[in-house]
Structures are given as C-alpha cells and as structure tokens.
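Order of the sequence lines fixes the chain letters, A, B, ..., with proteins taken first and strands second; residue numbering starts at 1 for each chain. In what follows, every heavy atom counts, from backbone to side chain, and hydrogens, waters and symmetry copies are set aside.
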Number of protein chains: 2
Amino acid sequence: MPVNKIKKYHQIQEYIKKRIQTQKYPPDSYLPSESDFCVQFGTTRTTVRKALDELLKEGFIVKEHGRGSKVVERGKYLGLLSIKGFSGSTDYKVRTKVTVEPKIVEWDPVIGFPLSEDEKSSKCVYFQRVRYIDDQPVVLENNWYALNALEPIRSEEFVEGSFFKTLSQEYLIEIMGAEQELRSVPASRDIAEKLGITFGTPILHISIRFRTSWPNLNLYGDLYCNTTEYAIRNSYFL
Amino acid sequence: MPVNKIKKYHQIQEYIKKRIQTQKYPPDSYLPSESDFCVQFGTTRTTVRKALDELLKEGFIVKEHGRGSKVVERGKYLGLLSIKGFSGSTDYKVRTKVTVEPKIVEWDPVIGFPLSEDEKSSKCVYFQRVRYIDDQPVVLENNWYALNALEPIRSEEFVEGSFFKTLSQEYLIEIMGAEQELRSVPASRDIAEKLGITFGTPILHISIRFRTSWPNLNLYGDLYCNTTEYAIRNSYFL
DNA sequence: ATTTCCTTTTTGTACGGACAAGTTAATTAA
DNA sequence: TTAATTAACTTGTCCGTACAAAAAGGAAAT
C-alpha cells in the first residue's frame, strides 16, 4: 500500500510559496539565506536547496550567486501570449475595463475545449473585459470558470485590477499551464463594433484553457485581438 | 579574475546529451542507471543526479521512479506553436515540400527582428517550405539564417526530412528558445495562390526568431497559416 | 495457471560535511 | 579622498552515506 509520506522539502517549498503569495516576502525582496532556513526548519542545506530549486522551476524566485534568492513579480502567465511590449513595459498605457461583471450563467458552447463531467454538472461564472492600449480597444476577452470550483469574485475586489493576482494572493491558486488555439478570422459585426474596427477585418481569435493548482478548476478564455497596430508576442526560453 | 572551472556535472550532462543527439542512446530507451554513471565517471550519485536533473529540465529525458531515466523524442520545439494534432499524432497526413531549395541570398527586410552586426555583415541562407495536411497546403514557411554562422544544407540531407533534427544530430545545435510575433492579416495574392485560398482571406502571420545553442546562430522564420480548417495550437506546463 | 511474497534494482529523500566562487561592506593602505 | 585589501556572508559544487519508495522478476504457495 502506498504510504504518501510527507516530504520535508515540499513542506518548506509550500511554506515559502505561501509567504510569497501573501506578500510576506514581497516581490524583488530577498529571501532569508539557505542557512537561515536550515535553522528555522531544523534541516540541512540539501533539503532547503531542493525546496528552493522547486520554487525556481515554478518561477517564484530567481537565485543570484553570492547574493541570495530574490522573489520575482508573479503573473507573467508563464510563456503566455501577451501584447507586444505589454509585460513590464511603460511604452504603452494599458487599461482594462470590465464590460460584463462576473455573473452566473450557463456554459457557452463557444468554449473550444471539452468540459469535464464535474464542470458540465455546474453552472459557470462569466465575465468580459476589454483591454485598451493608448485608449484604443485592442482585445476583447471572455472568461468562464465552473461555479462549483470557485465562487464569483466581484471585479472591484480584484487585487490591483488583476484577476490572476487575486487568485494567487486571495485564494492561493496558481496557474499551472495553459493550452491555446489560435485562428485568424474576419471580425463579426458585434466584435467589430466593440473593438472599433470595420466589419470583416482579420482579427486573431484565441481560445485558452488555463490549468490551475486546484485540480477541478480550469479557467476558459475566448479572446479577440485586433493585431493591425499591436502584434501579439510570446517567447520561450530554455 | 573569473576562473571558469570545469564542472563535473556539466561534463557528464554534455556527454549524455551528445550520446542522445547521435542516437547512441535512442529515443524511448533507458539510460544506464545512476550508479552505472557513478562508476563510469568516478563520482557520486549527487553529481550524476545533478547532470540528469539538467537534462530533465532541458527536455532530453524523463525520469521514472524505480525504473530509470528514459530518452524522450526530441524536437517538440519546446512550447512552440504547432498545428493542431500535429506533433506525434496520426490523425492527419502531414507532408512537407521544399518549394525553394536552400540558397544564398541577401537578407529580406520582412524579417521582423533586428539583426545583429555579425548577421548584417554576412549574407544569409534562405529556403521555403509548404506544409500540407491531408494534401491541402496549410502553412507557407520562409526560413533564413546567417551564412557565416552555418553552411547551407541541402534539403535532401535533412534527417528524416526535418531541418531541426538535422541541426541536432549532425551539428549538435539545440534550440534554446524562441520569440514570436503573431498577426492576423488578409492573404496577399501571392500567398493566397500558394495556399490555394481566395485573396483577402484572414490568415495568421507568425514571425519567429529561434535562439540556438550556438551564440551567433539565430534562425528566422516567416509563416503564413491558413487557419480555416486547422487551428494553431500550443500549450505550456509547469 | 495464478497469486503472493521476497529479493534485487533503480530512483527519491535526507543527513552532514568541505571547499569554491561570487557579492557586499568594512577596513586598511596609498 | 581614493584605491586596494580583507573579512563576512551567500550560493554553487562535490563528497560520502543511509534509508525510503517504486518497479521488475523470480520463487514459493495456492
């Protein structure tokens, strides 16, 4: 029979992760040194380093030889697609407007992924946002998630206006991965109007499923991007 | 002054990587056990495991508790965009036709990335391919790389018809990362003809720069994808 | 023939120690 | 004051050991 013993390095890893998520270890600050953690948890550097290595792989920290382990600003959405110059840049004024407040609805068949039985048995929470760059609407974003997995969150409660930051800091939910499908399609009348473009203009349609650290919680997204001015960009390394 | 000492784990890592790239350790086979490597390299499991951990992170192997370390089929292009059902699937007949043989030309200004001085000072190698799915042309692909970084390779010499496999197995060049820009654009007359679609149809335009393990070698790509039948898909995990 | 048990092999976790290498800040020498 | 040196601290590499946990295969019992 499986024993499922608790692993010491995993406990330390989760402890530090929680402190990061709740801003006890704020972004850009340095964690206590490895030997500090050794004393704190009554263990050896081998085990502490294993925990830190895991957090490094998960993207919570970066290590600097001779200096320490630094907490990184979370929520770069891994290698996800982002608008050119979006993340961490001040080239453009990016603004987000919630055009449909989170509300409970039936699942929308436009979601490009098969739902689990668990999800199908539940209603879902839906909200819509529009992303503006330099006061121009560029991305129309529809979002869904299963009501039985997570309660509705009012947009005024979003931490720094970000849904993902809210999940991390308020619910300790992390994005574990994502799958996307991309298509180039002509703009429908509805979308053309919302993005202020002419009917039929080629736009980028992206369907996303985010996998989270909660096994039964997936986030579904349906994005329409006007790429005439700003391209969508992503990058991967190592 | 920096000493740049050779690291034992790195030597072992590179040794195993080379054996994988040259098929001495073929895909799906199991590597010698960790203790075998300890004897072979006169070291301890700590060091061997560090080497294997690096190969795991680089995606060359997977580890199976109680069984061993298995060599994985390389060339999934990391998290790169791939045609839906493309990688490792037999749902569709995928065929690649080289429409322009690799030849030496001047750099094309359509490349959406700034070139380094080194690259600008050299001519470049260019070739064009068309990807077919079920005998339908779906992707038109232009490729460039600097001539002073890598010689031209004739398409008949591609290992299993794959340019990336050739780089890995014949030149020991690995893809270290990539940056992409995506746009939804109307098909030009030229591209519409080559993809067998009507002029003006929305198509997905992707500009890619691949970073390789050779510091001065970048691969540039310019792709035009007809996404009406088959979506472009990608996923990220962990 | 099938199940159960045990042994062997292999990877995973953890301990404890030693020294190397990079960073920072205080101290010393010019 | 400025530059060089030193000391203290932190992460990186590596050694050697021990036991746990998972997988595989063979032996014994049913």
Separation between CG (B:Leu223) and CG (B:Asn143), nearest 0.5 Å, reads 7.0 Å
N/O donor-acceptor pair under 3.5 Å between A:Ser69 side chain and A:Lys63 backbone = no
Rounded to whole Å, CD1 of A:Ile61 lies from P of D:dT10 at a distance of 15 Å
| In terms of ring plane angle, is the pair A:Tyr126 and A:Trp144 parallel, tilted or perpendicular, where the classes change at 30° and 60°? | tilted
Restricting to nitrogen or oxygen on both sides, can you table the protein-nucleotides 23-25 of chain C pairs closer than 3.5 Å?
from, atom 1, to, atom 2, distance (Å)
C:dT23, O4', A:Gly66, O, 3.4
C:dT24, OP1, A:Arg67, NE, 3.4
C:dT24, OP1, A:Arg67, NH1, 2.0

Here the distance between atom C1' of C:dT10 and atom OH of B:Tyr30, to the nearest Å, is 11 Å
A:Asp36 atom CG is separated from D:dT10 atom P, nearest whole Å, by 6 Å
Between NZ of B:Lys70 and P of D:dA23 the distance, given in whole Å, is 13 Å
Has the side chain of A:Ser213 got a donor or acceptor atom that lies under 3.5 Å from a matching backbone atom of A:Ile173? no
Contact check, residues 38-46 of chain B vs DNA chain C, heavy-atom distance under 4.0 Å, returns B:Arg45
Checklist line | A:Lys17/A:Glu58 salt bridge by N-O under 4.0 Å criterion | finding: yes
query = At under 4.0 Å, does any side-chain N or O of A:Lys50 touch on OP1 or OP2 of C:dA14?
reply = no
With the side chain defined as heavy atoms from C-beta on, B:Glu34 is closest, among D:dT13, C:dG12, C:dT13, to C:dG12
Separation of C:dG12 atom C1' from A:His10 atom NE2, nearest Å, is 14 Å
B:Gln11 atom CD is separated from D:dG12 atom P, nearest whole Å, by 20 Å
Can you label the angle between the B:Phe158 ring and the B:Phe127 ring as parallel, tilted or perpendicular, going by 30° and 60°? perpendicular
Phosphate contact (C:dT9 OP1 or OP2) by B:Ser35 side-chain N/O below 4.0 Å | no
note: B:Lys63, atom NZ; D:dA23, atom P; distance rounded to Å ~ 15 Å
Donor-acceptor pair, A:Ser121 side chain versus A:Asp118 backbone, under 3.5 Å? yes
From CZ of A:Arg49 across to P of C:dG17 the rounded distance in Å is 17 Å
Report task. Measure from the side-chain N and O atoms of B:Asp53 to the backbone N and O of B:Lys50, and report whether any donor-acceptor pair falls under 3.5 Å. Result -> no
Practice task
Say whether, by atom type as modelled, one donor and one acceptor occur between the side chain of A:Thr212 and the main chain of A:Leu217 under 3.5 angstrom.
Solution key: yes
